[in-house]
Amino acid sequence: MTEAVEQRHFIQQIIDADIESGKWGAPGDQSVITTRFPPEPNGYLHIGHAKAIFISHGMAREFGGKFNLRFDDTNPAKEEVEFVESIKHDLEWLGTNWDGEVCFASDYFGQMYDWAVELINKGLAYVDESTPEQIREMRGKVGAAGTDSPFRDRPASESVDLFAQMKAGEIENGKMVLRAKIDMASTNLNMRDPVMYRVVNTPHHRTGDEWHIYPMYDWAHGLEDSIEGVTNSLCSLEFQDHRPLYDWFIDAINKGKSEDDAIRHPQQTEFSRLSISYTNMSKRYMRQLVEENHVDGWDDPRMITLASFRRRGYTPESIKEFVVGVGVTKFNAMMDFGRLEGALRDDLNKRTPRRMAVLDPIKLVITNWGEHGDEDRVEMMDAINNPEDENAGTREIPIGKELWIERADFMIDPPKKFFRLGIDREVRLRCGYWVKCHDFKEDAEGNVTEVHCTYDPNTRGGNNPPADEEGKVRKVKGTIHWVCASDCIDAEIRLFDRLYKTEKPGKETGDHLDDLNNDSLEIRTGCKLERTFASVTPDEPVWPDGVRRFQFERTGYFCVDKDSTDGKMVFNRTATLRDSWAKKR
RNA sequence: GAGGGAUUAGUGUAAUGGUAGCACGAGGGUUUCUGAUACCCUUAGUAAGAGUUCAAAUCUCUUAUCCCUUACCA
């Protein structure tokens with residue numbers, strides 16, 4: 001018997017060691033640990049971002065440290081306030097609230113500028129007047145060294161002057177950049193005199209026209225981290241080659257400074273991104289889907305933005321469960337989309353109230369309902385709200401002579417293992433009565449329109465009838481759901497399938513649109529719902545995010561869509577139930 | 001043709017020189033007023049090769065495969 005040891009992932013182990021050695025403060029002090037989520041406000045967050053968020057947020061919370069939300073708004077050409085708001089909303093929805101005020105890279109532009117001037121004066125940076133094409137040319141290629149710019153060794157005073165002109169808006173876009181003086185022969189292309197600042201004469205969504213130069217990611221990011229007191233700058237694997245530059249810039253600022261004046265040197269650590277089968281995390285692809293109307297906006301329930309998952313009815317808890325289940329590694333794993341659905345079902349199964357709804361209705365007529373001249377009689381039945389939660393209670397639902405049942409629950413010529421309705425077959429109406437089929441009607445095309453049954457009054461509530469004289473109890477194999485035809489509401493229900501047909505969209509042809517699933521959306525109208533939906537009842541749980549989620553018995557998990565109006569309810573199918581019957585066939 | 005990473009059952013992930021374990025999936029079964037859920041059983045793995053060692057998933061070397069890098073984007 002071995003005792004359970006908590007397994008620590010590699011980032012936790014790094015932080016553990018740093019705390020012990022006192023890298024960031026007093027040895028053993030965990031509260032200094034500071035992480036951040038640094039999105040550029042240029043689009044909507046997707047589930048890949050959720051992984052980065054949960055990791056950084058998780059580390060800060062685990063150690064009792066601090067978690068910052070920082071907008072990396074260093075490129076005014078691509079950024080908008082709209083995205084700032086949606087990103088904040090997404091983080092709140094996920095339950096990963098940030099500490100303190102929201103941070104903006106643009107708040108540090110002044111400090112960064114001063115440091116850049118310091119670098120120039122230390123001979124570590126210079127203004128380059130080469131054209132973008134020339135700079136690209138001089139950078140060289142993989143396997144071949146680059147060449148020095150003719151401006152590389154100009155006097156610092158000249159660079160300082162020109163840099164000031166760039167800042168003042170006296171220089172046109174593309175005419176000059178500030179570059180770090182590192183090594184044009186480095187095997188790491190990022191180190192070949194990277195651009196630190198470029199001229200952008202575009203108003204910024206926060207600073208307006210105060211600035212005409214904007215810092216590049218590599219220059220800005222480490223400084224932002226340092227200014228905020230970030231200890232662990234966690235990012236994805238593609239930034240591994242940028243780490244030497246991240247470190248170089250901090251070291252360059254600290255060069256010649258006393259220990260007291262030196263700025264914090266955060267530790268960048270990289271982990272693998274999330275990939276999920278049948279999806280693509282590329283922002284470019286997503287943008288194309290939206291702009292070319294392959295989907296209905298950024299929150300189309302078939303997309304993988306957090307907004308779309310929210311609209312589809314996914315819970316933040318299930319997304320966290322899934323993402324955390326992937327683990328933190330440096331291996332580029334491909335997660336099965338089914339696993340996300342599994343996490344969702346686990347969560348929803350425990351928490352959703354059960355309801356009955358018929359998606360593809362046909363009529364069931366109970367022919368012996370009015371035997372005593374009371375055909376219009378409507379009885380009220382107790383229906384259990386959630387078998388997984390005994391505190392969820394019951395609700396009353398009506399039952400009468402005519403009901404709606406699912407078309408798929410009747411077969412004219414059923415196979416033996418079909419546990420539903422057919423001539424001479426008996427099933428239980430969930431929380432209703434047992435009914436036995438004796439006839440059916442079909443239209444000119446051969447579509448079944450009505451199923452005729454008799455009911456057994458001894459099975460009220462769906463319970464087993466009393467034993468016969470020999471002590472035998474009659475049993476039924478199947479239970480089907482239903483809705484009372486005289487007392488129900490109509491609704492539109494949207495069924496979603498995966499957006500792409502292939503596991504790796506675009507892998508084969510290079511164009512993800514080739515792999516689009518044209519049947520990913522099915523809109524069902526005229527669906528029949530039990531009347532309890534019409535208004536929010538006391539036995540309906542309140543979800544923190546305001547979404548109304550349900551399980552429709554036997555058909556799946558659904559939520560009320562924002563397109564619902566007073567007169568017409570619209571539901572999204574969040575996920576189906578697992579269906580081993582479908583699999584068998 | 002360079003540099004940086006990575007590789008453990010079908011998938012994901014542990015084991016940090018000392019018993020290869022867990023979860024999901026899949027297959028089978030039990031229970032069941034959801035063909036759901038729950039429960040039980042089964043399943044299968046260290047990319048290949050060499051070396052060091054009493055002992056290697058773990059250290060070394062070679063090979064293979066995959067990912068990232070050639071923006072005045074982040």
Side-chain angles (χ1 to χ4, degrees), chain A residues 2 5 7-10 13 38-40 42 72-75 77-79 128 130-132 135-136 139-146 173-179 186-192 194-200 213-214 216-218 220-221 235-244 270 272-273 275 277 283 325-336 338-339 342-343 345-346 349-350 354 356 383-384 387-388 417-420 427-432 434 459 461-464 476-481 551-556 576-585:
Chain A
T2 54
V5 178
Q7 291 158 352
R8 311 281 288 162
H9 61 66
F10 80 102
Q13 292 178 32
E40 183 185 19
N42 69 346
D72 207 4
D73 53 349
T74 57
N75 186 355
K78 292 168 65 178
E79 296 153 8
D128 194 333
S130 306
T131 66
I135 289 176
R136 192 180 315 130
R139 183 161 24 242
K141 287 189 281 197
V142 289
N173 290 1
K175 292 292 182 196
M176 282 178 202
V177 292
L178 182 72
R179 288 231 259 171
S186 173
T187 53
N188 182 346
L189 285 298
N190 295 124
M191 302 298 275
R192 317 246 261 229
V195 173
M196 294 165 63
Y197 279 93
R198 77 287 208 187
V199 175
V200 183
I213 53 172
Y214 290 88
M216 298 288 289
Y217 168 86
D218 286 304
H221 206 87
C235 60
S236 50
L237 240 31
E238 68 265 34
F239 290 103
Q240 284 175 125
D241 289 340
H242 294 250
R243 185 172 4 110
E270 312 85 9
S272 65
R273 281 202 201 212
S275 301
S277 61
K283 202 173 263 185
V326 181
V328 180
T329 68
K330 284 181 181 291
F331 176 67
N332 278 310
M334 171 69 77
M335 288 298 283
D336 194 334
R339 191 138 164 186
R345 290 190 184 110
D346 276 354
N349 175 52
K350 295 189 192 84
R354 312 294 132 121
M356 290 208 275
I384 188 163
E388 304 288 324
K417 292 272 190 175
F418 185 76
F419 300 149
R420 310 176 194 177
V427 299
R428 170 188 295 112
L429 296 174
R430 174 93 165 138
C431 303
W434 291 19
T459 58
N463 296 313
N464 289 359
V476 286
K477 275 265 177 61
T479 298
I480 66 171
H481 59 281
Q551 183 197 104
F552 292 176
E553 300 232 16
R554 301 209 306 137
T555 57
T576 61
L577 258 33
R578 279 184 60 200
D579 188 356
S580 56
W581 163 242
K583 204 179 287 179
K584 250 172 216 158
R585 289 179 300 168

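All values reported here derive from a predicted model rather than from experimental measurement. A note on names: the letters A, B, ... follow the listed sequences, proteins ahead of strands, and every chain is numbered from 1.
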At under 4.0 Å between heavy atoms, what does [X] touch on the DNA or RNA strands: base, sugar-phosphate, or nothing?
X	answer
A:Q13	base
A:G140	sugar-phosphate
A:K350	nothing
A:K477	nothing
A:V177	base
A:T576	nothing
A:F418	base
A:I480	nothing
A:T131	base
A:R339	base
A:N173	nothing
A:E40	sugar-phosphate
A:S272	nothing
A:G325	sugar-phosphate

Fill in: Interatomic distance, A:Q7 CD vs B:rA20 C1' [rounded to whole Å]
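After rounding, the reported distance stands at 13 Å.
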Worksheet entry | Rounded distance in Å - CE (A:M334) to P (B:rU11) |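 From A:M334 CE to B:rU11 P: 12 Å.
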Measure from the side chain of [X], starting at C-beta and using heavy atoms only, and say which of [options] lies closest.
X	options	answer
A:K583	B:rG27, B:rC72, B:rG12	B:rG27
A:M216	B:rG27, B:rG5, B:rA71	B:rA71
A:F331	B:rU70, B:rA74, B:rG12	B:rG12

Test item: [X] side-chain N/O and [Y] main-chain N/O as donor-acceptor pair under 3.5 Å:
X	Y	result
A:R198	A:M176	no
A:T479	A:R430	no
A:N190	A:P244	no
A:T459	A:W434	yes
A:E270	A:S236	no
A:R192	A:R139	yes

Give a yes/no answer on whether the side chain of [X] brings an N or O atom under 4.0 Å of OP1 or OP2 in [N].
X	N	value
A:R198	B:rC73	yes
A:R8	B:rA15	no
A:T555	B:rU34	no

Just the atom pairs and distances: protein N or O near nucleotides 36-38 of chain B's N or O, under 3.5 Å.
residue: B:rA36; atom: OP1; partner: A:S580; partner atom: OG; Å: 2.7
residue: B:rU37; atom: OP1; partner: A:R578; partner atom: NH1; Å: 3.2
residue: B:rU37; atom: O2'; partner: A:N349; partner atom: ND2; Å: 3.1
residue: B:rU37; atom: O2'; partner: A:E388; partner atom: OE1; Å: 3.3
residue: B:rU37; atom: O2'; partner: A:E388; partner atom: OE2; Å: 2.9

Item to complete: May I ask which nucleotide in the shown strands pairs with B:rA23, Watson-Crick or G-U wobble, both distances under 3.5 Å?
Response: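 In the structure as shown, B:rA23 has B:rU11 as its Watson-Crick or wobble partner.
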Item to complete: Give the intermediate values and the outcome of side-chain hydrogen bond (donor to acceptor under 3.5 Å, both in side chains) for residues A:N188 and A:S186.
Response: CA-CA 5 Å; A:N188 182 346; A:S186 173; 5.5 Å; no
Fill in: Position toward the 5' end of RNA chain B (nearest nucleotide), A:S130 or A:K417
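Of the two residues, A:K417 wins.
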Item to complete: Identify, between A:N42 and A:R243, the residue whose nearest nucleotide on RNA chain B lies closer to the 5' end.
Response: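 Looking at RNA chain B, the more 5' nearest nucleotide goes with A:R243.
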Item to complete: Rounded to whole angstrom, note down the P distance from B:rG21 over to B:rC41.
Response: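 One P to the other, the span is 16 Å.
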Discussion item. Please determine whether side-chain hydrogen bond (donor to acceptor under 3.5 Å, both in side chains) holds for the pair A:H481 and A:R554, giving the CA-CA distance in whole Å, both sets of side-chain angles, and the decisive distance to 0.1 Å.
Written reply: CA-CA 7 Å; A:H481 59 281; A:R554 301 209 306 137; 3.2 Å; yes
Discussion item. Quick one, A:L429 with A:I480, criterion side chain to side chain contact (heavy atoms under 4.5 Å, CB included). Give me CA distance, side-chain angles, the key distance, then yes/no.
Written reply: CA-CA 5 Å; A:L429 296 174; A:I480 66 171; 3.8 Å; yes
Discussion item. Tell me whether the ring of A:F419 lies stacked over the B:rG35 base, given a 5.5 Å limit on centroids and a 30° limit on the plane angle.
Written reply: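 Stacked: ring centres under 5.5 Å, planes under 30°.
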Identify the pairs formed between an N or O of the protein and an N or O of nucleotides 67-69 of chain B at a distance under 3.5 Å, and give each distance.
residue: B:rC67; atom: O2'; partner: A:N332; partner atom: ND2; Å: 3.3

Practice prompt. Look at the side chain of A:R420 and the base of B:rG35, then say whether one donor and one acceptor between them are separated by less than 3.5 Å.
Written response: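 Side chain to base: pair found, below 3.5 Å.
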